[in-house]
Amino acid sequence: MNKSTSQERPMAVDRHTYRITGGVPLRGAVDASGAKNAVTKQLVATLLTDEPCVLHGVPRILEVDIVLGMLAELGTEVTWLGEHSVRVHTPKVTNTALSSMYSGVNRIPILMMGPLLHRSGETVVPLPGGCTIGKRPIDFHLAGLAQMGADIVDNPGSVKVSTTRLSGAHVTLPFPSVGATENLLLAAVRARGTTVISNAAVEPEIVDLILMLQKMGALITIDIDRTLIVTGVAELDGVEHHTVADRIEIASFAAAAVATDGRIEVRGARQDHLITFLNALRHIGGGFKETEHGLEFFRARPLSATDIETGVHPGFMTDWQQPMTVLLTQAAGTSVVHETIYEDRFGYAQQLSQSMGATIELTTQCLGATACRWHRRDFLHTAKITGVTPLKAADLVIPDLRAGFGYVLAALVAEGTSTISGTRYLERGYEQPVAKLAAVGAQIITEPV
Ligand code: EPU
């Protein structure tokens, strides 16, 4: 089964466009939000217990609302306890089939398969969407669950799974997929026996999910060489957990500080989750300093070119690639960014070149240290970026979430006033981006659409 699931249905319309006047160094402090890619999975994990769970540090973003809507459909009671704290309780799963309204919306429904199998023995989930960045199949997810004893019926637009009981298995992932690792973890924690996941992803957001599951009573070992060993338990308890800070948002603000030659403190930023990013930042002339509450980012010297290759953790995140690419337009010389996670994650670069005057050349060649999975496969997955280029203001349309911050950053650097639409994509994953940017001095206003 190799379903392609690349197109995202936005589930929302733009609430406003942004008007950004660039050329202003950004200075001040912002709070890091909780990580979208941790909290959405943690909300799914609450389905593994019939006891109440409380999550803190929950970002108020569209993606969280969407996942809470999904949970409510399944019988979850949702109560906000404060701005960033939510209580979710599923005493009984009242509905095992998530409605087709959620088809193509995001990657979350497929992660519900394991928990729903444990609670109800069967479920129907709509096929996921995602950003327009590559095919994003779910073959690893389905093959792993099948190995654990799930019966899978592949229908158009949805997957039906059932089981008498999931059992432990040794699953070797063909690639350390974040989602497939999470899916198998969520299935394994209450399966009969021991599950070994080899070649697993071990991103900080996955470790944060493991920490939450461990508090719930799960038995999980993170072994050497990306191996996860899970000993299934019959039941899990309720939990109170604080979600890890969003290292994508933190890197985005770091890039904004360095690109605009300003100075931004991100409160809640953790150095240990940013090691690879900080190395790259330092290579090009950016700096950071630890503060009482987080990390402060600034330009340490005139920026110069570098070579970057995205990769699985602890490599350079594919979601850092877009702000970094924009930042590299401001670095002297020719930089290379080799994208090895997704085959089609440079689509956004065209508007930067054509409308804003950036010098970005895309190539199908692997120009990194190694040939990647997209080698000789005709995908424009490497960018050569030449700077320093003064960017021109432009009207831009955001194509996906992470490209969205790239465009905002480009507008913050550009002389003149840019207009950005497609802001619903950005606001799916960034909490209060306009307020946070304004707080550090960005000239950004919203206009109704
Ligand atoms: N892959 C397969 N088959 C599978 C699963 C993955 O071929 O069954 C491939 C993908 O096509 C891709 C690679 O494996 O080429 C990695 O995909 P992965 O499964 O790791 O990604 P994901 O779980 O779908 C999450 C984040 C992404 C982030 C990636 C990589 C969420 C909801 N999404 O996606 O975040 O880029 O991991 O770190 O956690 C975003 O937040 O904007 C975003 C796209």
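Positions are given from 1, in the same order as the sequence printed here. Whatever order the structure lists them in is the order used to number ligands and atoms, beginning at 1. Everything numeric in this text was worked out from a predicted model, so none of it was measured.
Between the side chains of H273 and E205, no donor-acceptor pair of N or O atoms lies under 3.5 Å. With 3.5 Å as the limit, one finds no donor-acceptor pair spanning the side chains of Y407 and S418. Residues H141 and E182 bring no donor and acceptor atom of their side chains to less than 3.5 Å of each other. Judged purely by distance below 3.5 Å, without hydrogens or angles, the side chains of T123 and K160 never pair a donor atom with an acceptor atom. Counting only N and O atoms by type, the side chains of Q42 and T243 include a donor and acceptor under 3.5 Å apart. Between the side chains of T90 and E77, no donor-acceptor pair is found at a separation under 3.5 Å.
The K36 neighbourhood of ligand 1 comprises atoms 40 (C), 41 (O), with distances under 4.0 Å to a heavy atom of that residue. Within the listing of ligand 1, atoms 15 (O) sit less than 4.0 angstrom from a heavy atom of W374.
Looking at Q322, R402, Q321 one by one, the single match for side-chain hydrogen bond (donor to acceptor under 3.5 Å, both in side chains) with Y348 turns out to be Q321.
Residue contact check for ligand 1: A201 places no non-hydrogen atom closer than 4.0 Å to it. Note on ligand 1: R373 sits in its first shell, one or more heavy atoms being nearer than 4.0 Å. Ligand 1 has R345 within reach: a non-hydrogen atom of the residue lies less than 4.0 Å from it.
Residue contacts with ligand 1 for F405 are absent, since no atom lies close enough (heavy atoms, distance under 4.0 Å). Counting heavy atoms closer than 4.0 Å to ligand 1, residue E343 contributes nothing at all. Neither the backbone nor the side chain of Q322 comes within contact range of ligand 1; no heavy atom lies under 4.0 Å. Here D319 has side-chain heavy atoms under 4.0 Å from ligand 1, and that is the only part of it that gets that close. At a 4.0 Å heavy-atom cut-off, ligand 1 touches F140 through backbone and side chain alike. With a 4.0 Å heavy-atom cut-off, ligand 1 is reached by the backbone of H141 and by its side chain too. Here E205 has no heavy atoms under 4.0 Å from ligand 1, in either its backbone or its side chain.
The shortest N or O to N or O distance between I341 and ligand 1 is below 3.5 Å. Taking distance alone, with nitrogen or oxygen atoms compared against 3.5 Å, I108 stays at or beyond that limit from ligand 1. Remark: ligand 1 and R107 share an N or O pair separated by less than 3.5 Å (distance only, no angle test). Checked by distance only, ligand 1 and T318 stay at 3.5 Å or farther apart across all their nitrogen or oxygen atoms. Between D139 and ligand 1, a contact under 3.5 Å exists for at least one N or O pair.
Taking the six-membered ring for Trp and thresholds of 30 and 60 degrees, H338 and H381 have ring planes inclined between 30 and 60 degrees apart.
Salt bridge annotation for R19-D395: absent, with no cationic side-chain nitrogen under 4.0 angstrom from a carboxylate oxygen. Using a 4.0 Å cut-off between charged side-chain N and carboxylate O, R428 and E63 make a salt bridge. One finds no salt bridge joining R373 and E343 here, because no Lys/Arg side-chain nitrogen approaches an Asp/Glu carboxylate oxygen to under 4.0 Å.
Ring to ring, Y430 and F405 are close: their centroids are under 6.0 angstrom apart.
With distances taken over non-hydrogen atoms, the option nearest atom 26 (C) of ligand 1 out of N37, L111, I110 is N37. Of the listed residues (G179, A38, A180, P137), the one carrying the non-hydrogen atom nearest atom 5 (C) of ligand 1 is P137.
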